[in-house]
Amino acid sequence: MNQVYINDAKKHVGEEIKIKGWLFNIRSSGKLMFPEIRDGSGIIQGVVFKNDVSEKVWEDFKNLTQESSVVVTGKVREHPKKPNVYELDVNDVEIVQIAEPYPITPKEHGIDFLMTNRHLWLRSRRQFALMRLRSKIIGFVRNFFDSRDFTLVDTPVLTPAACEGTSTLFEVGYFDNNAYLTQSGQLYNEATAAAFGRVYSFGPTFRAEKSKTRRHLTEFWMVEPEVAYMDLDGVMDLAEEFITEIVQNTLAGCRQELEILERDLSKLEAVKSPFPRISYDEAAEMLKKGFEAGEIEKPFEYGNDFGSPDETYIASQFDRPVMVHRYPAKVKAFYMEPDPADPTKALCVDVLAPEGYGEIIGGGQRMTSHETLLEGIHNHDLPEEAFDWYLDLRKYGTFPHSGFGMGIERCVRWISGIEHIREASPFPRMLYHMKP
RNA sequence: UCCGCAGUAGCUCAAUGGCAGAGCAUUCGGCUGUUAACCGAAGGGUUGUAGGUUCGAGUCCUACCUGCGGAGCCA
């Protein structure tokens, strides 16, 4: 008899199957026990009647503790009370190990305790749903670009110098020199876009900033498409199509996960084209009115970047992601192409997720001219020699191009509707959390 | 880095300055359809650390440590 995964148990009604997993929980009622078995694909309730099993099997189940590893044999049948739910009429068990008292009991726990037990916390129902959702969303992301004939070109994790000069970088020893962990693959994507036209990178990214919020990790995965000959409007179209497809695919293919997470589906169903597109100036005006109406605490100072409460307010005006474009050039990275209509503005866009989830995408059109790019590098006090190869791209067939970056954990956080980004990563790296 | 809050049993939390307690987990017992099952019993404590006030400190004061929440920065 072969092993069957719990997710497939419904295809084996009436058959005897073998499930290899762990004891999730057990309830007993005299001569009847209800062990819940977990195997990584799902959870199934077993039923053990004292009169139907051997003395040894009965005693074995009595001795099992939470998370003990077991191989359970039994016949699949429909739950007598719940339609479309299947249970296992157990007739045998093989104990792999009796687990020591399990720290994560079926009651509430504090976040500190759960984080230090992250390696065990991942076994719980909610974390299971989140990681499955993350896995599927990553699949949707890759499929979106693959199906549009983008080439996946990986960018290096170890880099010789700052990419943007804005964020703080992690420094690591590299033989006799130092190297830095990448904070973005974007500059490399611009090189590969000139070689392959439509590219994307997807990999880990590092920010050494001492951010202590529910939106930040020091290590996160970022997907970054870059397209040759695409302008700002084009990249806004791309981002809109991208987000819409991911949300639609999630709604269609992740019902079970969204149900466990108790996600309000109507909020996701609202995510449809077209997304509102407003300029920085329009957003600033919106904030001014919001302040005058007493809906915001602090007045917004025109010319600055939006703060977190500002973003939340702007996003709260819409039921779907909003795109804010053309920020003042001075608050954005040095490589942003200036707006020909107003050179103090950059051709950039941020996508703000609804429900207060904040920025999930940042992108824009990149600078084409060698001369202005060099100026930008100097204005940001960046070492010119570190960017020689990047400047080369403007010498050998420069081309208009655009792209964006999306943090996968931020996307998962929003779609799953969870409070804190740490639950969107299997082993989140944060300011004061490295272990496990 | 700044602001705010908190640290009591393995975990989640109680305890007017006056005998340190409950639920879960663990061990034992009961129950033939349970759903964080339930009912009964037992074991489990240097109240984050160091000092101070007091007849008496989990409780008040000071410093430190650790964590949480928020801000800035950003995906």
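In this text the structure is predicted, and so the values were computed from the model without any measurement.
- The gap from the C1' atom of B:U27 to that of B:G69 amounts to 39 Å, rounded to the nearest Å.
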- Item | Under 4.0 Å protein heavy-atom contact, by nucleotide of nucleotides 28-33 of chain B - B base, S sugar-phosphate only | ---BBB
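- Heavy atoms of A:G358 sit nowhere under 4.0 angstrom from any nucleic acid atom.
- Residue A:R27 has no polar side-chain atom (N or O) positioned under 4.0 Å from OP1 or OP2 of B:U34.
- Only the P atoms considered, B:A63 is 36 Å distant from B:A22, to the nearest whole Å.
- Rounded to the nearest 0.5 Å, atoms CD1 (A:I260) and CZ (A:R132) are 9.0 Å apart.
- In this structure, A:Y357 and A:I415 have side chains that are not in contact, with every pair of non-hydrogen atoms separated by 4.5 Å or more.
- Residue A:R422 places its side chain closer to B:C68 than to any other of B:G72, B:U34, B:C68.
- No engagement by A:K50 is indicated, since no non-hydrogen atom pair under 4.0 Å with the nucleic acid exists.
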- Note on the structure: In 5'-to-3' order, the base (B), backbone-only (S) or no-contact (-) status of each nucleotide in nucleotides 7-13 of chain B, using a 4.0 angstrom heavy-atom cut-off, is ---BSS-
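- The A:I421 side chain lies nearest to B:A75 when the options are B:A75, B:A71, B:C24.
- Listed by chain and number, the residues in a side chain to side chain donor-acceptor pair (under 3.5 Å) with A:D339 are A:R326 (sequence neighbours excluded).
- Only the P atoms considered, B:C61 is 15 Å distant from B:G4, to the nearest whole Å.
- Nucleic acid contact class of A:R413 (heavy atoms, under 4.0 Å, all strands): none.
- Counting non-hydrogen atoms under 4.0 angstrom, A:I104 reaches nothing in the nucleic acid.
- The listed nucleotides are B:A25, B:U27, B:C74; the one nearest the side chain of A:T65 is B:U27.
- Smallest separation of non-hydrogen atoms from A:F387 and A:I377: CB-CD1, 3.7 Å.
- Separating the C1' atom of B:A20 from that of B:G58 is a span of 8 Å, rounded to the nearest Å.
- In this model, the phosphate group of B:A71 is approached by a side-chain N or O of A:R215 to a distance below 4.0 Å at OP1 or OP2.
- Annotation: of the two residues near RNA chain B, A:S308 and A:H433, the 5′-most nearest-nucleotide partner is A:H433.
- Between the base of B:C74 and the side chain of A:S211 there is no donor-acceptor pair shorter than 3.5 Å.
- No side-chain heavy atom of A:M406 sits less than 4.5 Å from a side-chain heavy atom of A:M222.
- Taking the six-membered ring where tryptophan is involved, the planes of A:F145 and A:F404 are tilted, since the angle between them lies from 30° to 60°.
- The aromatic ring of A:Y102 does not stack onto the base of B:A25, failing the criterion of a centre distance under 5.5 Å from the six-membered base ring together with planes under 30° apart.
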